[in-house]
Amino acid sequence: MPMYAGPIVDSHHHIWLHKDVAWLHPPVTQKLFGDYFGLRRDFTIDEWMNDILPQNVVKSVHVTANWGPTRSVDESRWLQEISSQHGFPHATTVQADLTSPDLAEQLKAQADLPNTRGVRHQLYWDSHPLNQVCDRPDLCNTPAFRRGFEMVAGHGLRFELQIFASQARFAAALVKAFPQTPFMLLHSGMLIDPFDANIVNQWRDGLAELASYPNVHVKISGLNMYTHGATTRHMRQVIRDSIQIFGVERTVFGSNFPLEKLWFGYGELMSAYRRVLCEFSLDDQRRIFHDNAVRFYGLGA
């Protein structure tokens, strides 16, 4: 099929000023995405727009860069100002600790901002300490988290679900309890090792369990964080399997820039996605690159 050249919505990116992002400050610690020296600087809206505009990215969704729970509202207000000045980003997914006793006040302040569309509370956990962003694999089913999630649902917000596929059974219980809330499974369920057949099979099974719920979508983003650089062959496997399991109508593209900038320029990354997705019809490519994100995030025409 021809390679897609139409309009694109990048549904997963970050901008920041280094001073605001505590996890970029010393001391340097190990991260699951490896050596992040190249991230320890400002990533401004100007740099972002220079990267994306040659690729026909017409709209974007900013996912929180994790300023920290006490500054999450500050980050969202800053992004709203950036959007008012530059037009990008067009929507935001905000940071929130759904177990916080102060959640109601913080979430209302964020939900009142015009660009707020969703919430991310990272939940990924496996047996390796480096892969534990929270203290238990089933945090999403604790009473404190569920109380917070009721507030997310009450504001009509989407939830960005960031888990390993091995946690699918826990996430499925959350999804089942909130059938009216749209969920977006980030980074295609975080396939930690595409070269281990057992892990790949477990990953596929986890995606299939979540895909059985019609309110769950999948975001083909962040595909290189765990391999610390990737080949088109690796990306093709994850993208093909994600689409086969969720279907074209529930698959959304996201770049995960600037984290992916550790390995690719934006043009190189887009070329890799275009090469893989040209195996699908142009109509299907447009759905994945543009239409599905517009519909899921309420971005207008």
Side-chain angles (χ1 to χ4, degrees), residues 11-17 20-24 60-83 89-125 132-164 167 170-171 173-175 177-187 190 210 215-217 219 221-222 252 254 256 259 293 296-299:
S11 72
H12 197 108
H13 75 95
H14 319 282
I15 57 174
W16 62 62
L17 300 179
D20 293 314
V21 185
W23 62 270
L24 294 175
S60 75
V61 179
H62 185 282
V63 177
T64 172
N66 292 347
W67 286 24
T70 62
R71 297 204 61 208
S72 60
V73 177
D74 295 336
E75 181 188 23
S76 300
R77 287 173 174 160
W78 178 72
L79 289 164
Q80 190 67 53
E81 291 175 5
I82 293 290
S83 176
H90 298 78
T92 56
T93 292
V94 304
Q95 183 179 18
D97 177 359
L98 299 194
T99 66
S100 170
D102 302 321
L103 178 65
E105 180 181 354
Q106 294 179 17
L107 203 57
K108 183 182 185 308
Q110 307 220 59
D112 284 345
L113 296 170
N115 278 8
T116 299
R117 296 293 192 277
V119 170
R120 180 173 76 165
H121 178 142
Q122 291 171 304
L123 295 167
Y124 62 86
W125 187 101
Q132 298 173 1
V133 76
C134 55
D135 61 2
R136 55 190 291 178
D138 61 344
L139 178 65
C140 63
N141 293 323
T142 61
F145 188 95
R146 289 294 186 93
R147 283 193 297 270
F149 204 94
E150 290 278 2
M151 298 180 203
V152 172
H155 284 289
L157 296 172
R158 301 139 184 90
F159 187 71
E160 305 269 4
L161 179 64
Q162 189 168 356
I163 59 166
F164 292 115
Q167 299 170 266
F170 305 124
L174 176 68
V175 171
F178 294 92
Q180 302 307 313
T181 298
F183 287 78
M184 182 64 74
L185 179 64
L186 295 187
H187 308 329
M190 297 175 67
L210 290 169
N215 55 322
V216 183
H217 297 62
K219 190 179 291 187
S221 58
V252 172
N256 197 40
L259 272 75
F296 185 88
Y297 289 105
L299 299 178

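Bear in mind that the values here come from a model prediction, so they are computed numbers and not experimental data.
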Visitor: Identify the two heavy atoms, one from Asn115 and one from Pro89, that lie closest to each other, and give their separation to 0.1 Å.
Guide: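 Smallest interatomic distance, heavy atoms only, reads ND2-O, 3.2 Å.
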Visitor: Looking at Trp125 and Cys134, what are the two nearest heavy atoms and their distance?
Guide: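 Looks like CD1-O, 3.2 Å.
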Visitor: Quiz question: by atom type and distance under 3.5 Å, do the side chains of Thr92 and Gln80 form a donor-acceptor pair?
Guide: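 Side-chain D/A pair, Thr92 to Gln80: absent.
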Visitor: To the closest 0.5 Å, what do you measure between OG (Ser76) and CD (Glu81)?
Guide: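 Answer for the OG-CD pair, Ser76 versus Glu81, is 11.5 Å.
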Visitor: Quick one: does any side-chain atom of His14 pair with a main-chain N or O of Asn256 as donor and acceptor, under 3.5 Å?
Guide: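 Not confirmed, His14 side chain does not pair with Asn256 backbone.
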Visitor: Would you say Leu185 and Ile163 make side-chain contact, with heavy atoms under 4.5 Å?
Guide: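 Leu185 vs Ile163: side chains touch.
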Visitor: Which value, rounded to the nearest 0.5 Å, describes the distance between Thr99 atom OG1 and Arg147 atom CZ?
Guide: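 Rounded to the nearest 0.5 Å, the OG1-CZ separation comes out at 9.5 Å.
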Visitor: What residues form a ring-ring contact (aromatic ring centres under 6.0 Å, His included) with His187, not counting sequence neighbours?
Guide: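 Checked His187 against ring-ring contact (aromatic ring centres under 6.0 Å, His included); matches are His12.
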Visitor: Could you tell me whether a side-chain N or O of Gln167 sits under 3.5 Å from a main-chain N or O of Pro137, the two making a donor and an acceptor?
Guide: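 Yes, the answer is positive, given that a donor and an acceptor are paired below the 3.5 Å cut-off.
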Visitor: Determine whether His62 and Glu75 make a side-chain contact, defined as any pair of heavy atoms from C-beta on separated by less than 4.5 Å.
Guide: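 Yes, side chains in contact.
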Visitor: Within this structure, what is the CH2-CG distance for the pair Trp67 and Asp20, rounded to the nearest 0.5 Å?
Guide: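 That separation rounds to 3.5 Å.
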Visitor: Write down the atom of Thr93, the atom of Arg120, and the distance for their closest heavy-atom approach.
Guide: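 Closest pair (atom of Thr93, atom of Arg120, distance): CG2-N, 3.6 Å.
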Visitor: Return the OH to CE distance between Tyr297 and Met184, rounded to the nearest 0.5 Å.
Guide: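 The CE atom of Met184 is 4.0 Å from OH of Tyr297, to the nearest 0.5 Å.
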Visitor: What heavy-atom pair brings Ile82 and Ile15 nearest, and what distance separates the two atoms?
Guide: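 So the two residues come closest at CG2-CD1, 4.0 Å.
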Visitor: Apply side chain to side chain contact (heavy atoms under 4.5 Å, CB included) to Leu123 and Phe145, showing your working.
Guide: CA-CA 11 Å; Leu123 295 167; Phe145 188 95; 3.7 Å; yes
Visitor: Do other residues, nucleotides or ligands put more than 12 heavy atoms under 6.0 Å from the CD atom of Gln132?
Guide: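 Check passes, neighbour count above 12.
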Visitor: Partners of His217 by side chain to side chain donor-acceptor pair (under 3.5 Å), sequence neighbours excluded?
Guide: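 Not a single residue meets the side chain to side chain donor-acceptor pair (under 3.5 Å) criterion with His217.
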Visitor: Sequence neighbours left out, what passes ring-ring contact (aromatic ring centres under 6.0 Å, His included) with Phe149? Give chain and number order.
Guide: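 In terms of ring-ring contact (aromatic ring centres under 6.0 Å, His included), with neighbours along the sequence ignored, Phe149 is linked to Phe159, Phe178, Phe183.
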Visitor: Quick check: does any side chain N or O of Thr116 sit under 3.5 Å from a backbone N or O of Gln110, one acting as donor and the other as acceptor?
Guide: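 Looks like yes, one N/O pair under 3.5 Å.
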Visitor: Identify the two heavy atoms, one from Lys219 and one from Ser11, that lie closest to each other, and give their separation to 0.1 Å.
Guide: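 Smallest interatomic distance, heavy atoms only, reads NZ-O, 2.9 Å.
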Visitor: Which pair of heavy atoms, one from Asn66 and one from Gln95, lies closest together, and at what distance?
Guide: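 Scanning both residues completely, I find the closest heavy atoms to be CA-OE1, 3.3 Å.
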Visitor: Treating Arg158 as the side-chain partner and Arg117 as the backbone partner, does any N or O pair qualify as donor plus acceptor under 3.5 Å?
Guide: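 A pair under 3.5 Å: yes.
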